[in-house]
Amino acid sequence: MSDVIKLLPDSVANQIAAGEVIQRPASVIKELVENAVDAGASNVQIIIKDAGRTLIQVIDNGCGMSATDARLAFERHSTSKITQAADLFTLHTMGFRGEALASICAVAQVELITMRKEDSVGTKICISGSKVESQEPYATVPGSNFKVKNLFFNVPARRKFLKKDSVELSNIVKEFERLALVNPGIGLEITHNDSLIHQLLPGTFKQRISSLYGKTMDKQLIPINVETPIVKIEGFIGLPEHARRRGALQYLFVNGRNMRHPYFAKAVLSCYEKLIAADVQPNYFLNFTVDPATIDVNIHPTKNEIKFENEQAIWQILVAAIRESLGKFNAVPSIDFNTDDKPAIPVFNPNGNAHVDENINEGYNPFAQQTESTGFTSASRPSGINYPSQRRTPTNWETLYNDFNNAAPSAINSQEEEKFEDDSLQKQTLDLGIDSTAKDDDADSLIQLKNRYIISPAASGLMVIDQHRAHVLILYTKYMNGLNSGGFSTQQVIFPEVITLSPSQNIILESMQESLKQIGFDISYLGDNAWTVNGYPSVLEDVNPNETLMKMIDSVANGNEVTDEDLKTQTALSMAQAAAIPAGKQLSNAEMEHLMNELLTLPAPGYTPTGLPVISIISTEEISDRFSR
């Protein structure tokens, strides 16, 4: 039998590695910009075509490369950042693995033009799918000019699953914002389809935040600055009153590198307990400076996950620094002891002390005999205080009782008319093990568990319904029917509200504007990433339209929709999730019964649009087994 284990060709190995490093166009920009930073560039220009599908071009004025280095840079595990394993503990560069350029050229057509400052002529190299097509001398300026064309041209499955241009461009802008925040001293510019998105000049960290997110951010932040032998933490945190329900700006950096660290993020949130509501998040921009030997950045190829040696100590330092800043800038609520315009409070003064206002205390005696109606006799009420009128006991209770008895049969008859009698639905509910004929009779037996689940007897045992998911499914069906029949009418508002978005969110909303208009939203662009909501679909009723819009933007950014029909589906789902009964809300018996009746009239009541179960049946056999042990 012949040997079966063989070495993979370099082109295949590079494509496999590219799956970890290059996930979308934003990943290419991250790797190329970080290489430019490592090359000492003071200015970086990014040019995008078709959200990165057609072209990603990164131009920098860094040190450049020689002809030999330019050829070798695209080989796997080739790098100028480290020479031995010990260098991993003294890293001062963004890249070091030598996988980025090899991964990019494995799934795209790459053209590199580069020249060193000491050279008189540069070099141009073209690579397609890891194969070098040409390399020749080229007249250029010092620095590097990368052109990445037709990303994933040789991996059609990966290219097919790229999201809409608006979504991919939003991801690119988010990545650009992270790179811009971590490198405030570098000038950065990004252009998409010949339209300038950002042009940032070198400046301070706070100036860079204001340039990205608007000048209003300047008044919403308070500084953090603490230095210990273990860590130096500097940056800014948001005032509690400017916390956001959606789209909170939360960034953590370490040694000039972006990172995701849930442990430290939780530390920040713990400092805002009792200062902000449970459903909002604070803004923060925090940069940690530590000894490179005390962290490990070599956990994942993207280098966003960092392991700290002194996590617990840094946690305590971070919490203490944030609480100190919140207290120093009066962000912590305080008790107001101001006595101006204080209300007149009656004080019992049997001795008639001179410092007590006799007019207020006149006739006031807490030991006087009280009446059953108000607690004070008519003579003992202090003057100057308005008391509610005495509540009278109704004398016509017999008439009220008779009216109630007369109205009861009509109410019962109306409930009987609403009973579900459709044979096809009865078959569906029986398939789920639900006794649909007993719902009205068993209405009083409905139980709400933990303000989240509704429990009811069923034909085969107990039926448990998730109230939030059930309402999402009901509203989703209602909204989809409305969208498919021409959309909803628009409810105009008297005072239009203004919402301010981040640049990445603004891109998403621009792409959704026509679709939102069809379903009943009336929005207009004010400029500088600000929008005004002039009207919203009438079906939203008491739901906050701003919150609904933000949730729809987040859903589209995280979804895979590529057509208008998919966007319509995602819109209906986002509206349903925003308007649905939340888990934790207490319901009355009538509300539970109404919810169940609406749920059981749906064609498929068992699962939400995202595939989550709505109804679960605990069979009688399962219950019997528990008691047979």
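- S616 pairs by the side chain to side chain contact (heavy atoms under 4.5 Å, CB included) definition with nothing, not counting sequence neighbours.
- In this structure, T620 contributes its side chain and S460 its backbone to a donor-acceptor pair below 3.5 Å.
- The aromatic ring centroids of Y263 and W315 lie less than 6.0 Å from each other.
- Checked by atom type and distance alone, the side chain of Q505 pairs as donor or acceptor with a backbone atom of S502 at under 3.5 Å.
- With hydrogens and angles disregarded, a donor-acceptor distance shorter than 3.5 Å links the side chain of D466 to the backbone of H468.
- Here the straight-line distance linking atom CG of L509 with atom CE of M550 works out to 9.0 Å at 0.5 Å rounding.
- Of the inter-residue distances, the one linking I222 atom CD1 with S325 atom OG reads 5.5 Å to the nearest 0.5 angstrom.
- Interatomic distance, CG of L462 versus OG of S456, reported as 8.5 Å (0.5 Å rounding).
- Taking CG of L318 as the start and CZ of F288 as the end, the distance is 4.5 Å to the nearest 0.5 Å.
- Here F285 and Y251 bring their ring centres to under 6.0 angstrom of each other.
- Side-chain atoms of E168 come within 3.5 Å of backbone atoms of K163 as a donor-acceptor pair (strictly under, hydrogens ignored).
- Taking 4.5 Å as the limit, some side-chain heavy atom of I617 sits within range of a side-chain heavy atom of I615.
- At distances below 3.5 Å, at least one donor-acceptor pair connects side-chain atoms of R159 with backbone N or O atoms of L151.
- For the pair L169/I197, a side-chain contact is recorded, criterion being any heavy-atom separation below 4.5 Å from C-beta on.
- In this structure, the ring of F308 has its center less than 6.0 angstrom from the ring center of H261.
- Looking at heavy atoms from C-beta onward, V173 lies out of side-chain contact with H192 at the 4.5 angstrom threshold.
- N283 places a side-chain N or O within donor-acceptor distance of the main-chain N or O of L249, the cut-off being under 3.5 Å.
- Side-chain atoms of S170 come within 3.5 Å of backbone N or O of S504 as a donor-acceptor pair.
- Within the structure, ring pair (Phe, Tyr, Trp, His ring centres under 6.0 Å) contacts touching residues 571-620 (residues at least two apart or in different chains) do not occur.
- There is a side-chain donor-acceptor pair under 3.5 Å between Y213 and E177.
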Could you check I22 against F152 for side-chain contact (heavy atoms from CB on, under 4.5 Å), going step by step and ending with a plain yes or no? CA-CA 10 Å; I22 308 303; F152 299 128; 4.1 Å; yes

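- A side-chain N or O of Q250 and one of Q281 form a donor-acceptor pair less than 3.5 Å apart.
- Residues E241 and Q220 have side chains that never bring a donor and an acceptor to within less than 3.5 angstrom of each other.
- Counting only distance, with no hydrogens or angles, the side chain of Q467 and the backbone of I581 share no donor-acceptor pair below 3.5 Å.
- Proximity of a side-chain donor or acceptor of Y525 to a complementary backbone N or O of N529 within less than 3.5 Å is detected.
- Interatomic distance, E591 CD to Q448 CD, rounded to the nearest 0.5 Å: 9.0 Å.
- Looking at T490, its side chain never comes within 3.5 Å of a backbone N or O of P537 through a donor-acceptor pair.
- From L269, atom CG reaches atom CD1 of I276 across 6.5 Å, with rounding to the nearest 0.5 Å.
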